[in-house]
Amino acid sequence: FRFTHAISRKPSASIIDGLRAVDVGTPDLDLFHSHHADYVQALKDTGAEVTVLDALDAYPDAVFVEDTALCLREGAIVMRPGAPSRLGEAAEMAPHLKALYGDVRAISGADSYIEGGDILTTETEILVGRSERTNAAGIEELRGLVADWGYTVREVITPEGVLHFKTDCSLLDGETVLATERLAASGCFEGYKVIYTAAGEEAAANTIRFNDLVLMPAGFPATRDRLIQAGYTVREIGNSEAAKLDGGMSCLSLRF
Ligand code: CIR
């Protein structure tokens, strides 16, 4: 949870065509821009260098850069998104990673699918949730690509009806995760300390611990208070527009 860099991408006008499980309204581009600027500023406030890429009109979901790559200390892995409309986003990200990293590898199997939103990297392991977007072949390929860097990959399950594994959890520090009760019930966080989202605030689970801050979506006061009571410094960021497209705090950046 200590980072010196982040990469994000501005939302484009095509965001109105972004993928969503349920249509709860069209995202407002101006408001999305304003939330995005607050988000980038919060990352910068912790002292990190933030690269903000230009909007990509051809890919409505491209603002959710997290799904295109996994950034580790030793190098980066370019993903193969399981959503067909998002597959090309990974290739758009690759040159930016190559500019910052000496070692960039890629998931390349024709049957391998994996999105960054399903990956939670902790201090001891990499948890990957199998989901509608991430399959067993993608997880196995990732396992092979990070083995010589010393990482252990553990396959877990993203709950039915939940977009990504990290839709329902986030890492708060070396030993603590924030998670929904429905996800933690699967037993995947044995050995970790778990802070639960408050009842009815499951959408607060996707936060990020970025240096000294926990960035969380605004509008979840009971969960916010739990985090504050646990000693975290919380910054609330408006997320209403990204939420219409099932996006949250982690999706909006790559962090390393
Ligand atoms: C999608 O369905 O792919 C986008 N509308 C949302 C992606 C959110 N990404 C993430 O949780 N990492």
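When a ligand or atom number is given, it counts from 1 through the structure's own listing order.
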Checking a contact table here: which protein heavy atom is nearest [atom], and how many Å away?
{"atom": "atom 9 (N) of ligand 1", "value": "D67 OD2, 2.8 Å"}
{"atom": "atom 11 (O) of ligand 1", "value": "C251 SG, 2.9 Å"}
{"atom": "atom 4 (C) of ligand 1", "value": "D61 OD1, 3.2 Å"}
{"atom": "atom 6 (C) of ligand 1", "value": "L245 O, 3.1 Å"}

Using distance alone, with no hydrogens and no angle criterion, decide if [X] and [Y] have a side-chain donor and acceptor under 3.5 Å apart.
{"X": "E241", "Y": "H35", "result": "no"}
{"X": "E74", "Y": "Y151", "result": "yes"}
{"X": "R133", "Y": "S131", "result": "no"}

ask   = Could an N or O of ligand 1 be found under 3.5 Å from any N or O of L163, whether backbone or side chain?
value = no
inquiry  = Below 3.5 Å, N or O to N or O, backbone or side chain included: is there any such pair between S250 and ligand 1?
reply    = no
query = Are L70 and I107 connected in a single hydrophobic cluster, I mean Ile/Leu/Val/Met/Phe/Trp/Tyr linked by side-chain heavy atoms less than 4.5 Å apart?
reply = yes
task = Considering only NZ, NE, NH1 and NH2 on the basic side and carboxylate oxygens on the acidic side, decide whether R182 and E202 come within less than 4.0 Å.
result = no
inquiry  = Closer than 4.0 angstrom, basic N to acidic O: yes or no for R9 and D61?
reply    = no
query = Is ligand 1 under 4.0 Å from a heavy atom in the side chain of D246, in the backbone, in both, or in neither?
reply = backbone
query = Can R133 be said to touch ligand 1, with heavy atoms closer than 4.0 Å?
reply = yes
message = Just to check, does T167 reach to within less than 4.0 Å of ligand 1 when the distance is taken from its heavy atoms?
response = no
Of the listed options E66, R86, E115, closest to atom 12 (N) of ligand 1 (non-hydrogen atoms) = E66
Geometric class of the Y192/F189 ring pair [parallel <30°, tilted 30-60°, perpendicular >60°] = perpendicular
